[in-house]
> 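Structure provided below as structure tokens; questions to follow.
Whatever order the structure lists them in is the order used to number ligands and atoms, beginning at 1. Being a predicted model, the structure only gives us computed values, none of them experimental. For reference, positions follow the sequence shown, starting with 1.
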Amino acid sequence: MGEAPAFVVDNLNANFPNGLHSKSKGCETAIDIGNKTYVIGASTESACTIGIQIFNKSTSDWVIPVVLGTKPKPSKGHSAIVLDEDRILVIKGNTTSDDSFWFLEVNTAFVREQKMRMATEVVAWSKGVIGEAAKPIVISGPSGVGKGTLISKLMEEFPSMFGFSVSHTTRAPRSNEQNGIHYHFTERSVMEKDIEAGKFLEYAAVHGNLYGTSIEAVDVVADKGKRCILDIDVQGARSVRASSLEAIFIFICPPSFEELEKRLRARGTESEEQIQKRLRNAKAELEQRNSPGLFDHILVNDDLDTCYDKLKKLLGLADGVKSTQESVLEPVQMSLDHMVSKTGHKILINCGVREPEKPAENMFVLDLASMKGGAPGRTRGLRFFTIDPTSNGVDAEVLS
Ligand SMILES: Nc1ncnc2c1ncn2[C@@H]1O[C@H](COP(=O)(O)OP(=O)(O)OP(=O)(O)O)[C@@H](O)[C@H]1O
Ligand SMILES: Nc1nc2c(ncn2[C@@H]2O[C@H](COP(=O)(O)O)[C@@H](O)[C@H]2O)c(=O)[nH]1
């Protein structure tokens, strides 16, 4: 078994001439792809992430690349294995399987785009997540129609099932709003920089301010095993529709324009000027509700309870549906000195004690056949099995 065994090197100083590469306290791995050697675990970056250096064999130059994506915290050791020309799988040792699998992307479409944009060497981390999250729900509609009210009811009734995507905005907080809970309240210049850095799934200028959904905002909800709810305007819904995120799109409609105005005024959170602006924008948003291929469902929010019942029904939450989460299987421990090998889409991980002539213990398979996503977000859809070494892997138990 095994196409390309990973190799772990204590330190590579002896192997390479003078250059950027410097002595590391932990283990380092060196992976060759084309004419480049990627040294993972090199200690030139801050100690709070696993460092990366690249040795260009054609020019004999060391380069410290720009590292994008959510970076893994260092562990005492790791293994690394080439998956293809585009990415390396890094498995952290001494961690549980919910934090063990990381992909270092070196030539994916995202990395190529960023290399072009920055005109420099770029790599990107993407955390591997076992299993598939349920499709996110995008809720859109004019300001004051009751989107937030419906979402709050859903989250209250099903707290372990749904999680809210906390948007960024440049608007000032209202008196009842908390930073990090209702929004991430942000300076425009900071948000523009983050947009430029590719951190946002979508963003739009709405009623004179900038609003946006960061990739992280959606990922943190899915990481908790919850279904993500996005409350965004129609421009944002259009952008998400065009993105790789597969979601369900719901438009909330007022029973009449007069009722919408009444609700917006009764809420008492906007100035007269803002109310007028929001009502003008509402007309344009309402016109787009039937835009072909944009919304999957349109709900009229006349009586709140009736509308809420319809929302639950279309989400498959009719009476009697359990409000608790599906049972989440416990993560397993990845040993520090595990060994890995690759066969097709499957990675065999042996966490057993390496004793000659003894059968391997704690053998796991990481199946990458259904993996999707990637930097700057998570890599999802991984499957993880234990295998019984005495049964030649036939009796596999699905862990997640
Ligand atoms: N069906 C309903 N009947 C009467 N009032 C409602 C109904 N739904 C919501 N409201 C009220 O309307 C006001 C606006 O609701 P909400 O803040 O949820 O709107 P929204 O669509 O989230 O607005 P925004 O887009 O500005 O965030 C609130 O005061 C809320 O209590
Ligand atoms: N495109 C996006 N629109 C968003 C986002 N977060 C909120 N919104 C929409 O903005 C308006 C106004 O919201 P308010 O809190 O100021 O009343 C409303 O329609 C929201 O749906 C976002 O991340 N992206």
Side-chain angles (χ1 to χ4, degrees), residues 136-156 164-186 191 194-195 199-218 221 228-243 245 247 249-271 273-286 288-289 294-295 299-311:
I137 303 155
V138 171
I139 300 207
S140 208
S143 176
V145 73
K147 302 180 296 294
T149 308
L150 288 162
I151 292 169
S152 298
K153 280 173 81 68
L154 206 55
M155 306 246 313
E156 245 165 59
F164 186 61
S165 156
V166 181
S167 294
H168 282 64
T169 182
T170 60
R171 101 156 149 67
R174 293 173 186 146
S175 58
N176 62 335
E177 288 178 330
Q178 280 173 270
N179 192 26
I181 293 181
H182 299 92
Y183 280 106
H184 298 289
F185 295 100
T186 316
M191 190 160 165
D194 287 347
I195 289 169
K199 292 186 182 171
F200 281 82
L201 174 68
E202 65 77 32
Y203 62 92
V206 189
H207 318 313
N209 282 295
L210 216 49
Y211 292 76
T213 309
S214 70
I215 291 159
E216 185 71 11
V218 176
V221 175
C228 186
I229 306 182
L230 289 79
D231 173 347
I232 59 178
D233 85 320
V234 174
Q235 305 170 77
R238 215 176 267 286
S239 303
V240 176
R241 200 37 125 181
S243 79
L245 189 80
F249 293 75
I250 303 171
F251 187 89
I252 311 292
C253 212
S256 68
F257 202 76
E258 293 66 37
E259 174 64 18
L260 180 72
E261 180 166 357
K262 209 169 113 191
R263 286 182 196 173
L264 206 46
R265 286 189 188 285
R267 190 170 69 182
T269 49
E270 263 66 42
S271 65
E273 191 192 350
Q274 262 295 323
I275 290 173
Q276 293 304 331
K277 191 181 266 183
R278 286 176 181 237
L279 289 173
R280 272 197 306 277
N281 292 339
K283 286 208 169 93
E285 295 204 274
L286 287 167
Q288 294 184 63
R289 66 179 181 254
L294 185 51
F295 292 103
L299 288 181
V300 179
N301 182 18
D302 191 349
D303 173 67
L304 182 61
D305 289 336
T306 310
C307 183
Y308 179 59
D309 284 344
K310 284 185 184 161
L311 176 64

> Atom CG in Leu154, atom OG1 in Thr149: separation rounded to 0.5 Å?
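Spacing of CG (Leu154) from OG1 (Thr149) equals 12.5 Å.
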
> So which of Ser167, Pro142, Ala204, Ala237 gets nearest to atom 23 (O) of ligand 2, if we judge by its closest heavy atom?
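The nearest heavy atom belongs to Ser167.
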
> Any nitrogen or oxygen of Thr213, side chain or backbone, less than 3.5 Å from one on ligand 2?
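Yes.
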
> To which protein heavy atom is atom 8 (N) of ligand 1 closest, and what is the distance rounded to 0.1 Å?
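Going atom by atom, the protein heavy atom closest to atom 8 (N) of ligand 1 ends up being Asn301 ND2, 3.1 Å.
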
> Under 4.0 Å from any heavy atom of Lys147, which atoms of ligand 2 are there?
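The atoms of ligand 2 under 4.0 Å from a heavy atom of Lys147 are 19 (O), 21 (O).
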
> Of the backbone atoms (N, CA, C, O) and the side-chain heavy atoms from C-beta on, which set of Cys307 has a member under 4.0 Å from an atom of ligand 1: side chain, backbone, both, or neither?
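Cys307 to ligand 1: no contact under 4.0 Å from either part.
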
> What part of Asp233, side chain, backbone, both or neither, has a heavy atom within less than 4.0 angstrom of ligand 2?
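Both backbone and side chain of Asp233 come within 4.0 Å of ligand 2.
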
> Among Phe185, Phe200, Tyr211, exactly one meets ring pair (Phe, Tyr, Trp, His ring centres under 6.0 Å) together with His168. Which residue is that?
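Considering Phe185, Phe200, Tyr211, a ring pair (Phe, Tyr, Trp, His ring centres under 6.0 Å) with His168 is found only for Phe200.
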
> Does some non-hydrogen atom of Glu270 fall short of 4.0 Å from ligand 1?
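Glu270: no contact with ligand 1 (<4.0 Å).
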
> By number and element, which atoms of ligand 2 are closer than 4.0 Å to a non-hydrogen atom of Asp231?
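Selected atoms, number and element: 4 (C), 5 (C), 6 (N), 7 (C), 8 (N), 20 (C), 21 (O).
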
> Going by heavy-atom distance to atom 19 (O) of ligand 1, choose the closest among Ser140, Gly141, Gly146.
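Nearest heavy atom to atom 19 (O) of ligand 1 lies in Gly146.
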
> Examine distances only and state if a side-chain atom of Glu202 and a backbone atom of Val240 form a donor-acceptor pair shorter than 3.5 Å.
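Such a contact is absent between Glu202 side chain and Val240 backbone.
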
> Which of the atoms in ligand 1, numbered in the order shown and given with their element, are less than 4.0 Å from a heavy-atom of Asp302?
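Near Asp302, meaning under 4.0 Å from one of its heavy atoms, ligand 1 has 1 (N), 2 (C), 3 (N).
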
> Can you tell me if Tyr183 contacts ligand 2 (heavy atom of the residue under 4.0 Å from the ligand)?
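The answer is yes: ligand 2 sits under 4.0 Å from a heavy atom of Tyr183.
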
> Relative to the heavy atoms of Gly148, which atoms of ligand 1 are at a distance of less than 4.0 Å?
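Answer for ligand 1: 18 (O), 20 (P), 22 (O).
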
> Could you please spell out the steps behind the side-chain hydrogen bond (donor to acceptor under 3.5 Å, both in side chains) verdict for Arg267 and Thr269?
CA-CA 6 Å; Arg267 190 170 69 182; Thr269 49; 2.9 Å; yes

> Consider ligand 2: state whether an atom of it lies below 4.0 angstrom from any non-hydrogen atom of Arg174.
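Under 4.0 Å: yes for Arg174.
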
> Side chain or backbone of Gln235 under 4.0 Å from ligand 2, or both, or neither, by non-hydrogen atoms?
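Under 4.0 Å from ligand 2, Gln235 contributes no heavy atoms.
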
> Tell me if a side-chain donor or acceptor on Lys147 pairs with a main-chain N or O of Ile252 at a distance below 3.5 Å.
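Pair absent, no side-chain N/O of Lys147 close to backbone of Ile252.
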
> Which residue and atom name correspond to the protein heavy atom nearest atom 11 (C) of ligand 2, and how close is it?
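For atom 11 (C) of ligand 2, the nearest protein heavy atom comes out as Val206 CG1, 3.8 Å.
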
> For the side chain of Lys199 and the backbone of Met191, is there at least one donor-acceptor N/O pair under 3.5 Å apart?
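No, because the side chain of Lys199 does not come within donor-acceptor range (under 3.5 Å) of the backbone of Met191.
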
> Show your reasoning for whether side chain to side chain contact (heavy atoms under 4.5 Å, CB included) applies to Asn301 and Tyr308.
CA-CA 8 Å; Asn301 182 18; Tyr308 179 59; over 6 Å; no

> Which is it for Glu156 and Lys153 under the salt bridge (charged side-chain N to carboxylate O under 4.0 Å, His left out) test, yes or no, and what are the steps along the way?
CA-CA 5 Å; Glu156 245 165 59; Lys153 280 173 81 68; over 6 Å; no

> Going through the checks in order, is the salt bridge (charged side-chain N to carboxylate O under 4.0 Å, His left out) test met by Glu259 and Arg263?
CA-CA 6 Å; Glu259 174 64 18; Arg263 286 182 196 173; 2.8 Å; yes

> Going through the distances and angles, do Gln288 and Arg238 end up as a side chain to side chain contact (heavy atoms under 4.5 Å, CB included)?
CA-CA 10 Å; Gln288 294 184 63; Arg238 215 176 267 286; 2.8 Å; yes

> Identify, for atom 26 (O) of ligand 1, the protein heavy atom at the shortest distance, and state residue, atom and that distance.
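Looking only at protein heavy atoms, the one closest to atom 26 (O) of ligand 1 is Ser143 OG, 2.6 Å.
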
> Looking at Pro142, which atoms of ligand 1 are within less than 4.0 Å of one of its heavy atoms?
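Near Pro142, meaning under 4.0 Å from one of its heavy atoms, ligand 1 has 21 (O).
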
> Atoms of ligand 1 less than 4.0 Å from Lys147 heavy atoms?
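Every atom of ligand 1 under 4.0 Å from some heavy atom of Lys147: 18 (O), 19 (O), 20 (P), 21 (O), 22 (O), 23 (O), 24 (P), 25 (O).
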
> Heavy-atom contact check, 4.0 Å cutoff: does Gly144 meet ligand 1?
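Checking ligand 1 against Gly144, which is what was asked, there is a heavy-atom contact under 4.0 Å.
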
> Report the C-alpha separation of Ser214 and Asp194 in whole Å, then their side-chain angles, then the decisive distance to 0.1 Å, and conclude whether the side chain to side chain contact (heavy atoms under 4.5 Å, CB included) test is met.
CA-CA 9 Å; Ser214 70; Asp194 287 347; over 6 Å; no

> For atom 10 (N) of ligand 1, what's the nearest protein heavy-atom neighbour? Residue, atom name and distance, please.
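Residue, atom and distance for the closest contact: Arg263 CD, 3.9 Å.
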
> Output yes when a side-chain donor or acceptor of Gln235 lies under 3.5 Å from a complementary backbone atom of Ala205, and no otherwise.
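Side chain of Gln235 to backbone of Ala205, a donor-acceptor pair under 3.5 Å: yes, one is there.
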
> Going by heavy-atom distance to atom 2 (C) of ligand 2, choose the closest among Glu177, Glu202, His182.
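Nearest option to atom 2 (C) of ligand 2, by heavy atoms: Glu202.
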
> Where do Ile195 and Leu210 land on the side chain to side chain contact (heavy atoms under 4.5 Å, CB included) test, with the steps shown first?
CA-CA 11 Å; Ile195 289 169; Leu210 216 49; 4.2 Å; yes

> For Arg278 and Glu285, run salt bridge (charged side-chain N to carboxylate O under 4.0 Å, His left out): C-alpha distance rounded to whole Å, both residues' side-chain angles, the deciding distance at 0.1 Å, then the answer.
CA-CA 10 Å; Arg278 286 176 181 237; Glu285 295 204 274; over 6 Å; no

> Number the atoms of ligand 1 from 1 as they appear, then name those within less than 4.0 Å of a heavy atom of Arg278, with their elements.
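So the atoms of ligand 1 that pass are 26 (O).
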
> Identify, by atom number and element, the atoms of ligand 2 in contact range of Gly236, meaning under 4.0 Å from any of its heavy atoms.
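By the 4.0 Å cutoff, the relevant atoms are 1 (N).
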
> If you count the atoms of ligand 2 from 1 in the order shown, which ones are under 4.0 Å from a heavy atom of Arg171?
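In order of numbering, the contacting atoms are 14 (P), 15 (O), 16 (O).
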
> How far is atom 17 (O) of ligand 1 from the closest protein heavy atom, and which atom is that?
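The answer is Arg267 NH1, 2.8 Å.
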
> In Å and rounded to the nearest 0.5 Å, what is the OG1 to CG distance from Thr186 to Asn179?
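If I round to the nearest 0.5 Å, the distance is 7.0 Å.
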
> Could you list the atoms of ligand 1 found under 4.0 angstrom from a heavy atom of Thr149?
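In order of number, 9 (C), 15 (O), 16 (P), 18 (O), 30 (C).
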
> Assess whether a salt bridge exists between Arg265 and Glu261, defined as any Lys/Arg side-chain N lying under 4.0 Å from an Asp/Glu carboxylate O.
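Result for this pair is yes, salt bridge flagged.
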
> Counting heavy atoms only, which part of His168 comes closer than 4.0 Å to ligand 2: side chain, backbone, both or neither?
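No part of His168 comes within reach of ligand 2.
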
> For Arg278, is the nearest heavy atom under 4.0 Å from an atom of ligand 2?
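Within the 4.0 Å threshold, so yes.
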
